[in-house]
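Both backbone and side-chain heavy atoms feed into the values below; hydrogens, waters and symmetry mates do not.
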Amino acid sequence: QVQLVESGGGLVQPGGSLRLSCAASGSIRSIYSMDWYRQAPGKQRELVASITSSGNTNYADSVKGRFTISRDNAKNTGYLQMNSLKPEDTAVYYCNADIKSESSWSIVPYWGQGTQVTVSS
């Protein structure tokens with residue numbers, strides 16, 4: 001009964017900024033790693049950024065220095081701050097979280113529905 005809901009996507013000009021949010025809800029015992037992926041039309045889904053429960057982060061080379069991943073554990077919410085956006089950043093962005101629910105012994109990956117980010121002048 002765990003659900004991830006993404007928000008914050010939209011249309012932005014090159015050089016602009018957006019902040020994506022991913023809110024987890026339901027019978028959650030623990031949230032471990034949280035990740036952001038993106039997929040452009042005709043392209044493979046790629047990992048953009050990840051963050052562990054302790055705050056360690058990793059980024060794809062293509063976004064390093066421009067994107068920042070963070071999380072608010074009290075709100076069960078993850079964020080992706082995107083600055084200096086380029087047209088090549090245009091994609092559907094998906095959040096992913098490894099979660100242990102109240103009804104399961106195992107850690108299971110959950111996915112959001114995706115949010116469209118379009119960078120265009």
- Assess the side chains of S106 and S104: does a donor N or O sit below 3.5 Å from an acceptor N or O? yes

- Query: For the residue pair Q116 and V92, what are the closest heavy atoms and their distance?
  - Reply: OE1-CG2, 3.3 Å

- If you look at every heavy atom in Q1 and S27, which pair is closest and at what distance? OE1-OG, 4.0 Å

- d(F67 CZ, T57 OG1) to nearest 0.5 Å is 14.0 Å

- Give the intermediate values and the outcome of side-chain contact (heavy atoms from CB on, under 4.5 Å) for residues Y32 and I99. CA-CA 6 Å; Y32 297 90; I99 297 174; over 6 Å; no

- Message: According to a hydrophobic-cluster definition based on side-chain heavy atoms being under 4.5 Å apart (Ile, Leu, Val, Met, Phe, Trp, Tyr only), do W111 and W36 belong together?
- Response: no

- Message: Using 0.5 Å steps for rounding, measure from the CD1 atom of I69 to the CE atom of M82.
- Response: 12.0 Å

- Query: Rounded to the nearest 0.5 Å, how far apart are CZ of R71 and CD1 of I51?
  - Reply: 6.0 Å

- Message: Walk me through whether T118 and S120 qualify under side-chain hydrogen bond (donor to acceptor under 3.5 Å, both in side chains).
- Response: CA-CA 6 Å; T118 302; S120 176; over 6 Å; no

- Under 3.5 Å, side chain of T115 to main-chain N/O of G9, donor-acceptor pair present? yes

- Task: Identify the two heavy atoms, one from A24 and one from I31, that lie closest to each other, and give their separation to 0.1 Å.
- Result: CB-CD1, 4.0 Å

- Given side-chain hydrogen bond (donor to acceptor under 3.5 Å, both in side chains), test T77 with D72 step by step and report yes or no. CA-CA 5 Å; T77 301; D72 186 335; over 6 Å; no

- Closest non-hydrogen atom pair, L47 against A60: O-CB, 3.5 Å

- Query: Quick one: are S17 and Q81 in side-chain contact, heavy atoms under 4.5 Å?
  - Reply: yes

- Please answer: with hydrophobic residues joined when any side-chain heavy atoms are less than 4.5 Å apart, are Y59 and L18 in the same cluster? yes

- Task: Identify whether Y37 and L80 are in the same connected component of the hydrophobic contact network (ILVMFWY, side-chain heavy atoms under 4.5 Å).
- Result: no

- Query: Which residue pairs satisfy the side-chain hydrogen bond (donor to acceptor under 3.5 Å, both in side chains) criterion with at least one member in residues 89-101, sequence neighbours excluded?
  - Reply: S33-D98, R38-D89, R38-Y93, R66-D89, S101-S103

- Smallest heavy-atom separation, Y110 atom then V108 atom, equals CD1-O, 3.3 Å

- Item | Sidechain-backbone polar pair: E6 side chain, C22 backbone, donor-acceptor under 3.5 Å | no

- Heavy-atom pair of closest approach, residues Q113 and L4: OE1-O, 3.6 Å

